[in-house]
Structure formats: structure tokens, C-alpha cells
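Presented below is the structure to which this report refers.
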Amino acid sequence: MTKPVIYCDFDGTITESDNIIAIMKQFAPPEWVEIKDLILSRQISVNEGVGKLFSLLPSNKKKEITEFAIENAKIRPGFKEFVGYVREKGIPLYIVSGGIDFFVHPILAEYAPFDGVYCNHSDFSEETINILWPHECDSSCNNDCGCCKPSIMRKLNNPMGSFKIVIGDSVTDLEAAKHADFVLARDLLQEKCVEWGINHQGFHTFFDCIEEINKRIEVGELTC
Ligand code: MG
Ligand code: ZN
């Protein structure tokens with residue numbers, strides 16, 4: 001269990017802020033705020049909440065919303081170097097995101113390829129945007145995650161077991177963090193890691209992430 005595998009969140013982790021929130025602020029009617037608060041306080045599931053949020057947006061705004069999301073996204077410092085570092089070390093890097101394909105893939109394109117990019121899908125064929133969930137919870141998870149990070153981790157984990165590193169910031173990472181061997185956390189996720197006694201370290205940039213992982217490789221805690 002010393003071979004690391006990294007599961008990295010997208011919104012608010014690779015990007016500096018949450019793209020769904022930015023899209024809603026720009027395009028949704030005011031009731032989106034109430035839905036967002038219900039998701040963050042975990043009164044409704046991420047799956048239900050995100051579906052409701054996007055149903056507030058007309059499909060004919062696809063081009064405008066996509067362009068806005070891509071232009072608005074700011075990549076956290078050090079991400080490019082981080083991708084280079086893990087590639088050089090041969091550490092698998094999976095992007096696991098509660099975000100939506102129409103902005104996740106174009107924003108990540110210049111850093112690709114990854115070992116895998118998992119996110120929710122979108123359908124613009126009806127009057128309002130419909131979110132599709134190709135990575136729903138398996139039988140071991142009943143959180144109605146939407147894009148279920150622990151289910152993806154179970155599916156990808158090699159039979160020998162790997163040292164699972166989760167990098168994230170918020171509500172979509174909580175279940176993943178519980179299944180991790182080590183978490184690099186910021187914001188709400190960091191607070192929860194403290195509260196739940198999860199093995200973690202805070203971070204601000206991906207340079208911090210490189211340092212934390214490299215430290216463990218140098219002392220022989222991790223091998224790659
Ligand atoms: Mg996030
Ligand atoms: Zn789940």
C-alpha cells in the first residue's frame with residue numbers, strides 16, 4: 001500500500017473557484033441561491049441539487065454559458081507543474097469532478113492526457129439543461145452523489161491496494177475523503193477533515209501538493 005494514486009477534484013480545486021456557482025450567478029434566476037444552500041448544508045443530495053440548478057437554465061444559452069465558463073475559469077497556480085511532476089513519477093492522476101462535461105473537458109484540454117476524467121454529462125436537447133449521471137453511486141454508497149467519487153475509487157483501485165490521495169475542497173469530496181489514505185484539502189473539506197480526524201494536510205497551490213507528495217516519496221513512505 002505504498003504506491004500512490006491521486007484522485008483530484010476539479011471545481012474549486014484545479015480551478016480557483018466553483019464553475020457551477022459562477023455559471024448560476026451569471027445566468028440563473030434568484031432561486032438558485034436557495035438550492036445551493038440546501039446542497040451545501042447537505043439537506044438535499046448533490047445529484048438532486050445540481051440537476052435542479054441546471055434545470056433553471058435554458059438550453060438555447062449553451063454557447064453563451066460554455067464560453068462564459070471557459071473564459072471565467074482560473075487555474076490554481078502550480079497545476080501545470082503538478083501534472084508534469086506526477087507524469088514524471090508515473091503516479092496515476094484521475095480527475096473526479098462533480099462538474100459538467102461541457103466546461104470540464106475544454107478547461108482541462110491543455111493539460112491532457114490524464115489517466116481518466118470523470119464528470120457529469122449534459123443534454124441540451126430539451127428546453128432547459130438536463131444533467132446526466134454516468135458515474136452514479138454503486139451498491140456500497142447511498143449518498144446520491146451524482147458523480148460518485150468513492151464508487152470510482154473502488155472501481156479503479158488495483159487488487160493489491162494503492163495509497164489513495166484525494167485532493168479537494170468541498171461537499172463533493174467528503175465521501176471520497178473518508179475512503180482516502182491521505183487528503184490534500186482546502187476550504188470546507190479541510191474543516192471536515194479536522195472534524196472527522198481524517199489524515200490530511202491543507203494546501204493553497206499545487207506547488208504545496210507537489211511538496212507534500214514528494215516529501216513522502218523521499219522518506220520512502222510512498223514508492224513510485
Ligand atoms: Mg470542488
Ligand atoms: Zn456515492
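Ligands are counted one by one from 1 in listed order, and the atoms in each one are counted from 1 as well.
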message: Ring centres under 6.0 Å, that's the criterion: do F206 and Y85 meet it?
response: no
query: Taking just the N, O or S atoms of D11, which one is nearest to the Mg ion (ligand 1)?
result: O
Of all N/O/S atoms in D169, the name of the one nearest the Mg ion (ligand 1): OD1
- prompt: So which of the N, O or S atoms of D9 lies nearest the Mg ion (ligand 1)?
  reply: OD2
field: ILVMFWY cluster, V194 and V171 together (side-chain gap under 4.5 Å)
entry: no
Salt bridge E175-R42, side-chain N to carboxylate O under 4.0 Å: yes
- prompt: Once rounded to 10 degrees, what value does the angle at the Zn ion (ligand 2) take between SG (C141) and SG (C137)?
  reply: 110°
task: Answer yes if the ring centres of F114 and Y94 are under 6.0 angstrom apart, and no otherwise.
output: no
- request: Give a rough value, rounded to 10 degrees, for the angle at the Zn ion (ligand 2) between atoms SG of C148 and SG of C145.
  value: 110°
- prompt: When the aromatic ring centroids of F124 and F102 are compared, is their separation below 6.0 Å?
  reply: yes
